[in-house]
*Asks:* 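Here you go, one structure.
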Amino acid sequence: MENNILKFKCPHCQQELAVRRPGQGTGLSLTCPRCGKAIRIKIQEREVRHPGQVGKPALGIASLALMGSTHTFVLRRGDNTIGRADTDTLQDIPIGGDMTMSRRSVNLRVGVVTGGGYSYTLHVLNAKNPVTVNGRPIKEGGMMPLRVGDVLTLGETKLMLKV
């Protein structure tokens with residue numbers, strides 16, 4: 001029965017919470033009883049993704065380093081939606097503090113390459129704000145393969161793909 005309970009902390013006030021685990025590939029919306037703020041989490045591959053999640057990436061998978069800080073965002077295999085933090089919009093990697101970034105700016109897909117390693121593909125979503133890779137603008141709907149060391153600019157925020 002313990003596996004059916006999902007335990008996590010409110011990203012706003014750090015209150016410990018527990019809910020019945022929804023099915024894989026679904027989202028969950030709730031209000032923190034302590035601070036009253038909305039919380040949205042997404043269940044994928046039996047792992048919890050919530051605002052501000054950081055940690056060590058899976059062996060060999062790159063991560064996104066916030067340039068000018070020590071903050072790093074963990075990427076996982078599959079789709080990683082990145083955008084401006086907003087309580088009404090669900091992203092895998094919400095980034096706060098930049099109002100020039102769209103709420104669902106880009107999707108960064110991490111794929112497995114035959115023979116070993118990973119591929120990275122950037123897809124610009126419904127971004128009304130600027131997205132560049134290494135200074136080159138990418139239009140809404142555009143796709144581009146990425147390499148370790150590439151610098152993404154979403155609004156005014158710069159992120160580097162690092163191993």
Side-chain angles (χ1 to χ4, degrees), residues 6-14 16-17 21 24-28 39-87 89-127 129-163:
L6 176 63
K7 295 180 180 181
F8 60 97
K9 289 185 179 184
C10 172
H12 307 287
C13 70
Q14 302 304 310
E16 290 189 25
L17 302 169
R21 182 183 295 276
Q24 184 174 331
T26 62
L28 178 67
I39 302 169
R40 294 181 64 157
I41 57 176
K42 189 174 180 181
I43 308 299
Q44 292 187 346
E45 296 181 11
R46 304 200 67 136
E47 80 177 16
V48 180
R49 304 287 296 196
H50 58 85
Q53 179 176 350
V54 295
K56 292 184 179 180
L59 187 61
I61 293 181
S63 57
L64 284 174
L66 183 60
M67 295 181 70
S69 94
T70 59
H71 196 75
T72 300
F73 298 98
V74 175
L75 296 174
R76 62 174 176 75
R77 286 181 16 188
D79 293 325
N80 297 270
T81 305
I82 306 164
R84 182 176 78 230
D86 181 86
T87 57
T89 307
L90 186 62
Q91 313 93 344
D92 296 307
I93 301 176
I95 300 174
D98 184 354
M99 295 303 289
T100 65
M101 183 188 309
S102 296
R103 289 178 184 94
R104 290 179 53 86
S105 190
V106 298
N107 181 63
L108 201 162
R109 176 171 287 232
V110 178
V112 177
V113 177
T114 304
Y118 296 94
S119 65
Y120 305 95
T121 306
L122 182 76
H123 178 217
V124 178
L125 300 174
N126 194 19
N129 295 306
V131 173
T132 68
V133 175
N134 299 325
R136 182 177 146 207
I138 310 298
K139 293 183 181 181
E140 183 179 335
M143 295 180 77
M144 175 176 207
L146 298 178
R147 294 178 305 204
V148 171
D150 283 345
V151 175
L152 314 175
T153 305
L154 308 178
E156 295 176 356
T157 301
K158 292 185 183 289
L159 303 157
M160 180 182 283
L161 190 63
K162 296 178 90 171
V163 176

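Count residues from 1 along the sequence.
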*Asks:* Side-chain contact test, heavy atoms from C-beta onward, threshold under 4.5 Å: evaluate it for F73 versus I82 and give yes or no.
*Replies:*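 F73 does not reach I82 side chain to side chain.
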*Asks:* Applying salt bridge (Lys or Arg N to Asp or Glu O under 4.0 Å), which residue pairs with at least one partner in residues 64-74 are found, sequence neighbours left out?
*Replies:*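 Matches after skipping sequence neighbours: none remain.
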*Asks:* Test of understanding: with side chain to side chain donor-acceptor pair (under 3.5 Å), list the residues that count as partners of S105, not counting sequence neighbours.
*Replies:*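 With sequence neighbours excluded, S105 shows a side chain to side chain donor-acceptor pair (under 3.5 Å) to no residue whatsoever.
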*Asks:* Applying salt bridge (Lys or Arg N to Asp or Glu O under 4.0 Å) as the test, list every pair that has at least one member in residues 133-151; sequence neighbours left out.
*Replies:*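 Listed once each, the pairs are K128-E140.
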*Asks:* If every non-hydrogen atom of I61 is compared with every non-hydrogen atom of L75, which pair is closest and at what distance?
*Replies:*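 In this case the closest contact between I61 and L75 is CG2-O, 3.8 Å.
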*Asks:* For T132, is there any backbone N or O sitting under 3.5 Å from a side-chain donor or acceptor partner on N134?
*Replies:*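 No, because the side chain of N134 does not come within donor-acceptor range (under 3.5 Å) of the backbone of T132.
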*Asks:* If I take atom OG1 from residue T81 and atom CD1 from residue I93, how far apart are they, to the nearest 0.5 angstrom?
*Replies:*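 So the OG1 of T81 and the CD1 of I93 are separated by 8.5 Å.
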*Asks:* Quick test of your reading: applying salt bridge (Lys or Arg N to Asp or Glu O under 4.0 Å), list the pairs with at least one residue in residues 60-71, sequence neighbours left out, ordered by first then second residue.
*Replies:*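 Sorted pair list comes back empty.
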*Asks:* For residues L125 and R104, report the shortest heavy-atom separation together with the two atoms involved.
*Replies:*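 Minimum heavy-atom separation between L125 and R104: CB-O, 3.4 Å.
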*Asks:* Who passes side chain to side chain contact (heavy atoms under 4.5 Å, CB included) against A65, sequence neighbours left out?
*Replies:*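 A65 satisfies side chain to side chain contact (heavy atoms under 4.5 Å, CB included) with T72, K162 only.
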*Asks:* Nearest 0.5 angstrom please: D79 CG to L108 CG, how far?
*Replies:*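 These two atoms lie 9.5 Å from each other.
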*Asks:* Under the side chain to side chain contact (heavy atoms under 4.5 Å, CB included) rule, what do I138 and V106 come out as? Steps first, then yes or no, please.
*Replies:* CA-CA 10 Å; I138 310 298; V106 298; over 6 Å; no
*Asks:* Does V113 have any side chain to side chain contact (heavy atoms under 4.5 Å, CB included) partners at least two apart in sequence or in another chain, and if so, which?
*Replies:*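 Here the qualifying residues are S119.
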*Asks:* With distance as the sole test, does Y120 use its side chain to make a donor-acceptor pair with the main-chain N or O of A62 at under 3.5 Å?
*Replies:*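 Yes, Y120 side chain to A62 backbone: donor-acceptor pair under 3.5 Å.
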*Asks:* Tell me, yes or no, whether the heavy-atom count around Q14 atom CD, taken from other residues, nucleotides or ligands under 6.0 Å, exceeds 12.
*Replies:*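 It does: Q14 CD has more than 12 such atoms within range.
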*Asks:* Does the side chain of I95 come within less than 4.5 Å of L159's, by heavy atoms?
*Replies:*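 A side-chain contact exists here, since the closest heavy-atom pair is under 4.5 Å.
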*Asks:* Rounded to the nearest 0.5 Å, how far apart are CZ of R84 and OG1 of T157?
*Replies:*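 Those atoms lie 10.5 Å apart.
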*Asks:* Restricting to side chain to side chain contact (heavy atoms under 4.5 Å, CB included), what partner residues turn up for S69, sequence neighbours left out?
*Replies:*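 Result, side chain to side chain contact (heavy atoms under 4.5 Å, CB included) vs S69: L66, H71.
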*Asks:* Atom CD of Q91 and atom CG of N80: how far apart are they, to the nearest 0.5 Å?
*Replies:*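 That separation rounds to 12.5 Å.
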*Asks:* Looking at residues at least two apart in the chain, or sitting in another chain, which of them share a salt bridge (charged side-chain N to carboxylate O under 4.0 Å, His left out) with R103?
*Replies:*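 R103 satisfies salt bridge (charged side-chain N to carboxylate O under 4.0 Å, His left out) with D86 only.
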*Asks:* Just jot down the side chain to side chain contact (heavy atoms under 4.5 Å, CB included) partners of T100, sequence neighbours excluded, or say none.
*Replies:*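 With neighbours one apart ignored, the set is D98, E156.
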*Asks:* Apply side chain to side chain donor-acceptor pair (under 3.5 Å) to T121 and list each qualifying residue two or more places apart in sequence or on a separate chain.
*Replies:*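 T121: no side chain to side chain donor-acceptor pair (under 3.5 Å) contacts found.
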